[in-house]
There are 2 protein chains.
Amino acid sequence: MEFSDGKTIFIQIRDRLVDQILTGKLLPGDKIPSVRELAVDLEVNRNTVMRSYALMENEGIVDNKRGIGFFVSDHARERLIQDEKKFFLLEELPKLVHQAKVLKMVPADFKKLFDQLNENQNENK
Amino acid sequence: MEFSDGKTIFIQIRDRLVDQILTGKLLPGDKIPSVRELAVDLEVNRNTVMRSYALMENEGIVDNKRGIGFFVSDHARERLIQDEKKFFLLEELPKLVHQAKVLKMVPADFKKLFDQLNENQNENK
DNA sequence: TTTACTGTCATAGTATATTATGACACTAAC
DNA sequence: GTTAGTGTCATAATATACTATGACAGTAAA
């Protein structure tokens, strides 16, 4: 895995797993990779993965069964959609709007975004 | 100034100045705050501000006159708009699209964004 | 019980961002 | 020339993320 400079590694690992939960690649009850296994996979230290898992446990999106592993908690997805959507609309979107205005962007620049969102909406019909 | 955890401080200081250039609060030829002055203002070390300024100098958006200070370079704004717009469309927007789809967002969620962009477009007429 | 997984904890080392501080050099104005 | 501003450089100290590694404990299955 390539890590970007912006965020710390253990946050990026958390974000990666959150994405897998949101996209349904990880379902409630699923076992997530063991601390050691993921550490080897991502070429990262055990402790760093531990930190990601501890964070996710605090967020209530994974459960820990000692000696067995970590598992996606029952309402992880609903909780994430609610929390991340709120964060997105309140924190990220305002910054986005500001940046778009400053860069003199117009709606046409967002055509791709708009198209993909419409596809997404049609899938739900 | 309150610094977020995501990025390093010297990057956030750079972003702050870039924003002031993009919004026209800083114009070509304007002197930007001295290293020492801004350090006191932001309650940050001189060296940290120096690092921000060195970065901006490398980006070609400020010029350095030894013994006098740093000044916004002539085509800083055009260069920034070009570079940041490219970065925005190629790097940030794809992540945004992905996130929006994963969170099951629909165009209506972006009404505010588009309204403000339309205002912006009308201002330019 | 042994084996092979799991997580947990502690310790030490490295890299980097940031701070703190002093000293030096350039420039402009008095 | 003195003064007060500017940037520049070097050194040491601190905080934090990350690494490396070993040891210990819980769980499940052979």
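Convention: sequence-line order gives letters A, B, ...; per-chain numbering from 1. Please read all numbers here as calculations on a predicted model, not as lab measurements.
Picking from C:dG7, D:dA17, C:dC9 the nucleotide with the shortest atom distance to the side chain of A:S34 gives C:dG7. Nearest nucleotide to the A:V44 side chain, out of D:dT8, D:dT19, D:dC18: D:dT19. Out of D:dA20, C:dA23, C:dG7, the shortest distance to the side chain of A:M50 is found at C:dG7.
Under the 3.5 Å distance criterion, the side-chain polar atoms of B:T23 are matched with a main-chain donor or acceptor of B:D19.
Between the P atom of D:dA17 and the CZ atom of A:R46 lies a distance of 19 Å, rounded to the nearest Å. Atom C1' of nucleotide C:dT18 and atom CD1 of B:I11 are separated by 14 Å, given to the nearest angstrom. With rounding to whole Å, A:Y53 atom OH is found 10 Å from C:dT6 atom P. The CG-P distance, from A:N45 to D:dT16, rounds to 19 Å in whole Å. Rounding to whole angstrom units, CZ of residue B:F10 and P of C:dT16 are separated by 12 Å. Rounded to an integer number of Å, the gap from CD1 of A:I9 to P of C:dA17 is 13 Å. Distance, B:E37 CD to D:dA4 C1': 14 Å, rounded to whole Å. Spacing between atom CG of A:N47 and atom P of C:dT11 amounts to 13 Å, rounded to whole angstrom units.
No cation-pi contact links B:K65 to B:F70, judged by a cut-off of 6.0 Å to the six-membered ring centre and 45° from its axis.
For the pair B:I32 and B:Y53, the minimum side-chain heavy-atom distance is below 4.5 Å. A 4.5 Å side-chain heavy-atom check between B:L55 and B:F10 finds at least one atom pair inside the cut-off. Looking at heavy atoms from C-beta onward, A:V18 lies in side-chain contact with A:R14 at the 4.5 angstrom threshold.
Residue contacts shown for A:R51 are limited to sugar-phosphate atoms, with no base heavy atom under 4.0 Å away.
An OP1 or OP2 oxygen of C:dT16 is reached within less than 4.0 angstrom by no side-chain nitrogen or oxygen of B:T8. In this structure, A:N64 reaches the C:dT8 phosphate: one of its side-chain N or O atoms is under 4.0 Å from OP1 or OP2. Look at A:T48 and you'll find a side-chain N or O under 4.0 angstrom from OP1 or OP2 of D:dT19.
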Using the 3.5 Å cut-off, write out each protein N or O paired with an N or O of nucleotides 24-29 of chain D and the distance between them.
residue : atom : partner : partner atom : Å
D:dG26  : N2   : A:G67   : O            : 3.1

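Summarising the local packing, NZ of A:K86 is surrounded by 12 or fewer heavy atoms from other residues, nucleotides or ligands at distances under 6.0 Å. Environment of CD in B:E57: crowded, with over 12 heavy atoms of neighbouring residues, nucleotides or ligands closer than 6.0 Å.
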